[in-house]
Amino acid sequence: MKITTPSSVSLALAFLLTGLGFALPFFLFPGVQYAEKLQRAPEVLNLFCLVAWMGMSHFTFAYQGHLKSAAGRSKKFLFLYLVLLLISTAALFLLRFTIGYSIFSAIAWIYFISHLLKAEMYFSGA
């Protein structure tokens, strides 16, 4: 059984979680001692934490589908897919290390905003 929901529901949930994370006066961020070294408000770290978890859940969901598709084709294709996934992940870590997390984060936000809009339009049938 496949459950389908309008794309506006997932977008609304993301905004709701972001708003709640900003409104909470306590840390969602793991490792309070690390958070204290960053000297950031709990609200900001909560946003960082929620965005990271939403990104990881998106990554897991999207690549689960890609992996099923690759596995259904052939062992060679699956191996190639996994190698390319590892190479691209390593390249992203290297890029983040090279240009710094601030610039990397800005680029990622710009990319993911357009990615989110394209995905919402695709899944809504527009």
Side-chain angles (χ1 to χ4, degrees):
M1 180 176 141
K2 183 177 179 180
I3 300 172
T4 58
T5 58
S7 57
S8 58
V9 172
S10 61
L11 189 59
L13 183 60
F15 286 143
L16 177 67
L17 286 174
T18 303
L20 285 174
F22 192 72
L24 295 174
F26 53 84
F27 286 113
L28 294 175
F29 192 81
V32 175
Q33 63 276 18
Y34 176 71
E36 290 170 354
K37 288 181 185 177
L38 290 175
Q39 298 179 348
R40 300 256 200 274
E43 296 85 4
V44 173
L45 290 174
N46 286 349
L47 285 180
F48 288 172
C49 186
L50 282 171
V51 168
W53 280 107
M54 284 189 273
M56 285 305 297
S57 65
H58 172 75
F59 180 84
T60 302
F61 179 73
Y63 283 96
Q64 178 185 5
H66 290 296
L67 188 58
K68 285 180 184 176
S69 173
R73 294 185 185 188
S74 70
K75 299 268 185 199
K76 184 179 176 182
F77 190 81
L78 176 62
F79 178 75
L80 179 63
Y81 170 77
L82 292 174
V83 168
L84 288 175
L85 181 63
L86 287 173
I87 290 171
S88 60
T89 302
L92 286 173
F93 276 111
L94 181 65
L95 181 64
R96 183 183 181 272
F97 178 76
T98 304
I99 65 174
Y101 75 91
S102 298
I103 295 173
F104 182 84
S105 295
I107 293 169
W109 273 102
I110 291 167
Y111 169 77
F112 281 118
I113 288 170
S114 66
H115 175 75
L116 175 68
L117 293 174
K118 288 177 194 172
E120 292 300 324
M121 287 173 49
Y122 174 80
F123 288 116
S124 67

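The residues of the chain are indexed from 1 along the displayed sequence. Computed from a prediction, not measured in an experiment: that's the story for all the values here.
- Here T98 contributes atom OG1 and F93 contributes atom CZ; the two are 13.0 Å apart, rounded to the nearest 0.5 Å.
- No continuous path of ILVMFWY side-chain contacts below 4.5 Å connects L84 to L78, so the two sit in separate hydrophobic clusters.
- Here F97 pairs with nothing under the ring-ring contact (aromatic ring centres under 6.0 Å, His included) rule; sequence neighbours left out.
- To the nearest 0.5 angstrom, L20 atom CG is 13.5 Å from F15 atom CZ.
- Through direct or relayed side-chain contacts under 4.5 Å between Ile, Leu, Val, Met, Phe, Trp and Tyr, F104 connects to L92, L95, I99, I103, I107.
- In this structure, F79 belongs to a hydrophobic cluster whose other members, linked by side-chain heavy atoms under 4.5 Å apart, are V83, I87.
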